[in-house]
Amino acid sequence: MGMLGEGILSEEQLIEMAKSGDQQAFAQLVQRYTADAYRTAFMVLRDRQEVEDVVQEAFLISYRKLKTFRMDSSFKTWLYRIVVNLCYDRLRKINRESAAFHKLATNFGSGNGDMADIDSRIDLKEIISSLSPEHRLVLTLYYKMDFSVRKVAEILGIPTGTVKSRLNSARNLIKDRLERGHEYAL
Amino acid sequence: MRCEKIKSMLADLLDQTLSVQEEREVKEHLALCEGCSSEYLKLKRADDLLRETVCQMMAEIEVPDDLNRKIEKAMDGGRNKKSPESRLTALFIVPAAAAVLLLTIISAAALNYFNFFSPSKQADMALSEPNSGGKNTTQNEDSVIVSREDLARSDSVMEEQDLRIETGDTGASGEPARLTKQAAPSVNDPPGPDSRELLSTESTPVNHPDVDEVDALDKTKTDFPQAFPLEYTPCPPVGHSFKGAGGGDGKGGTLEQAAREVGFYPARPEYLPPGAQLREIRWLSGTVYQNYLIGEQYIEISHRRLEAADIEQVWSAEAIKIEINGMPAALTENPPEAGDDFSRERISVCWRQDQWIFTVSGNITVEEIIKVALFLK
């Protein structure tokens with residue numbers, strides 16, 4: 001633990017300061033995670049207003065509960081558990097699964113890859129979009145947020161086997177499609 | 001290793017969930033086996049594509065420019081900003097000020113609606129403190145708050161965490177509290193739905209992470225139960241004898257027999273003090289009594305249907321108002337009666353839940369009485 005550079009505090013330092021009541025330190029902490037927390041919640045909820053509410057509430061809660069946070073666990077993991085739980089709450093309340101899927105299918109445009117991949121890329125996004133919210137969450141936390149399998153399991157409160165199963169089913173689906181695509185090209 | 005086994009481990013290799021030795025063995029095999037190596041590359045390509053797609057989807061999600069400002073606003077509650085340089089920090093509510101504000105709100109609510117069980121710092125509660133003027137509607141001087149420390153001193157097998165004392169949002173101790181059973185959380189884990197689940201509130205969410213700990217989602221604290229008219233109490237008159245109501249005419253037997261006789265299955269205690277042994281089950285006039293002995297002390301649980309006559313009764317002047325699982329309850333302390341086998345004072349907690357009236361009484365500590373009441377199923 002120590003300064004990362006001149007004037008830049010480590011996360012541990014920010015947390016310690018925030019726990020002592022340093023509001024500016026907490027503000028800096030928040031700013032590091034706001035955007036990704038928003039995007040992660042959006043991958044689940046697909047409704048901007050709901051996502052904004054969730055993110056606001058997540059940071060409110062984390063600020064109130066910061067005193068209970070112990071440095072032997074990761075703040076990012078701790079924060080994402082809050083975000084995920086709030087997302088599940090919203091899902092339960094609003095039950096917009098099907099509506100969210102239809103909304104999402106139009107939200108994601110084509111990729112920027114070369115033309116040979118473009119159809120599969122759109123197809124892949126639709127495939128991911130059609131998965132259950134928890135499945136999308138697994139993929140988001142693992143592939144984008146770079147949580148390990150064990151951490152994803154911890155955040156979602158599911159066994160590591162379930163996380164691996166989710167990852168494998170998505171991979172195998174894509175692997176099969178790639179193999180079929182290759183056959184068509186021949 | 002055989003190829004079949006290696007192929008079953010390729011996903012684990014990608015996930016980095018193999019042991020050091022397993023990973024070494026798989027990589028050694030892949031270096032020598034073209035078939036397995038090809039299979040691994042296909043899986044890796046799918047994995048890379050999946051990663052790229054997910055990251056692209058995430059990058060395409062636009063984050064509102066004013067999100068941080070909105071978070072500020074939410075935390076500040078609408079106060080004016082202090083400085084443009086650090087907008088987030090400028091609007092945070094000072095914890096002490098928030099505590100004062102929250103206490104004021106809670107006290108105001110308590111005066112009108114709630115009577116809490118307030119803490120005594122001694123092991124024995126100051127139960128003899130009478131209601132001022134015998135009126136219950138506007139005074140809460142007699143309310144007592146149980147602190148975790150008080151409960152922890154009691155000689156109980158139940159973990160302190162099993163019993164949640166809800167304090168104000170600021171977490172300050174000593175604030176009026178409700179006594180509610182809660183699934184036991186572990187200390188450092190982040191908040192989650194299970195942990196905030198109260199017996200008297202929402203049902204368990206499906207597939208919800210087991211996020212224990214703190215009712216981080218404190219929003220459930222706003223679901224205060226409806227207040228009963230304070231002239232209402234379901235409690236039996238003071239003087240109920242352990243030896244049996246109605247002069248010992250109550251029949252004894254098993255819980256199943258009692259259930260058949262009274263027409264409902266009696267509530268069972270999910271928690272009893274250590275060493276408690278069932279002494280007797282009796283029923284009389286629609287009430288089932290379960291008596292347990294703990295050494296030389298006793299505890300009795302009664303369960304009956306709510307009756308019209310219950311509505312007419314008033315709070316006993318000596319009763320202390322508490323809440324059990326969100327329902328108003330009366331706690332009374334009575335001196336031993338002539339003819340009782342026991343010399344210690346008897347403590348009773350009585351409350352209504354739906355169409356039932358429950359009483360837990362005994363000459364053990366008040367903390368144990370309350371714990372049994374809270375975990376009566």
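Values in this document were obtained by computation on a predicted structure and should not be read as measured data.
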Check your understanding: Have A:Lys125 and B:Thr53 got a donor and an acceptor in their side chains that come within less than 3.5 Å?
Key -> no

Review point. Out of curiosity, A:Asn168 CG to B:Asp15 CG, how far, rounded to the nearest 0.5 Å?
Key: 6.0 Å

Review point. Rounded to the nearest 0.5 Å, what separation is found between the CG atom of B:Leu49 and the CG atom of A:Leu178?
Key: 5.5 Å

Exercise for review: Working to the nearest 0.5 Å, report the span between CD1 of B:Ile71 and CD of A:Glu57.
Suggested key: 12.0 Å

Review point. Can you list the steps and then say if A:Asn172 with B:Leu43 is a side chain to side chain contact (heavy atoms under 4.5 Å, CB included)?
Key: CA-CA 7 Å; A:Asn172 288 331; B:Leu43 198 60; 3.7 Å; yes

Study note, to complete from the structure: Taken to the nearest 0.5 Å, the spacing of A:Tyr143 OH from B:Glu52 CD works out to 12.5 Å

Review point. Based on non-hydrogen pairs under 4.5 Å, which of A:Ile174, A:Thr140, A:Val149 is most in contact with chain B?
Key: A:Ile174

Point to revise | From CA spacing to verdict: salt bridge (charged side-chain N to carboxylate O under 4.0 Å, His left out), A:Asp176, B:Lys42 | key: CA-CA 9 Å; A:Asp176 291 345; B:Lys42 286 180 190 173; over 6 Å; no

Point to revise | Beyond-backbone contact of B:Leu14 with A:Leu167, side-chain heavy atoms, under 4.5 angstrom | key: no

Check your understanding: Got a sec: does the CZ of A:Arg150 have more than 12 other heavy atoms crowding it under 6.0 Å?
Key -> no

**Study point:** Structural part of A:Asp53 lying under 4.5 Å from a heavy atom of chain B
**Key:** neither

**Study point:** Stepwise side chain to side chain contact (heavy atoms under 4.5 Å, CB included) check, A:Thr160 with B:Thr17
**Key:** CA-CA 10 Å; A:Thr160 53; B:Thr17 53; over 6 Å; no

Review point. Does some side-chain heavy atom of A:Glu52 sit less than 4.5 Å from a side-chain heavy atom of B:Val63?
Key: no

Check your understanding: Is it the backbone or the side chain of A:Thr40 that comes under 4.5 Å from a heavy atom of chain B, or both, or neither?
Key -> both

Check your understanding: Between A:Leu139 and B:Leu50, does a side chain to side chain contact (heavy atoms under 4.5 Å, CB included) hold up when you go through it step by step?
Key -> CA-CA 8 Å; A:Leu139 299 181; B:Leu50 191 50; 4.1 Å; yes

Review point. Given a strict heavy-atom distance threshold of 4.5 Å, which part of A:Tyr38 is in contact with chain B: side chain, backbone, both, or neither?
Key: side chain

Check your understanding: Using 4.0 Å as the upper bound for N to carboxylate O, is an ion pair formed by A:Arg171 and B:Asp48?
Key -> no

Review point. Measuring from A:Arg48:CZ to B:Leu67:CG, what's the distance to the nearest 0.5 Å?
Key: 10.5 Å

Exercise for review: Look at B:Glu62 together with A:Arg39 and state whether they make a salt bridge at an N to O cut-off of under 4.0 Å.
Suggested key: no

Point to revise | B:Arg45 and A:Glu179: CA distance, side-chain angles, deciding distance, salt bridge (charged side-chain N to carboxylate O under 4.0 Å, His left out) verdict | key: CA-CA 11 Å; B:Arg45 184 183 166 200; A:Glu179 286 174 345; over 6 Å; no

Point to revise | Derivation and outcome, side chain to side chain contact (heavy atoms under 4.5 Å, CB included), residues A:Phe42 and B:Met58 | key: CA-CA 9 Å; A:Phe42 192 87; B:Met58 283 280 278; over 6 Å; no

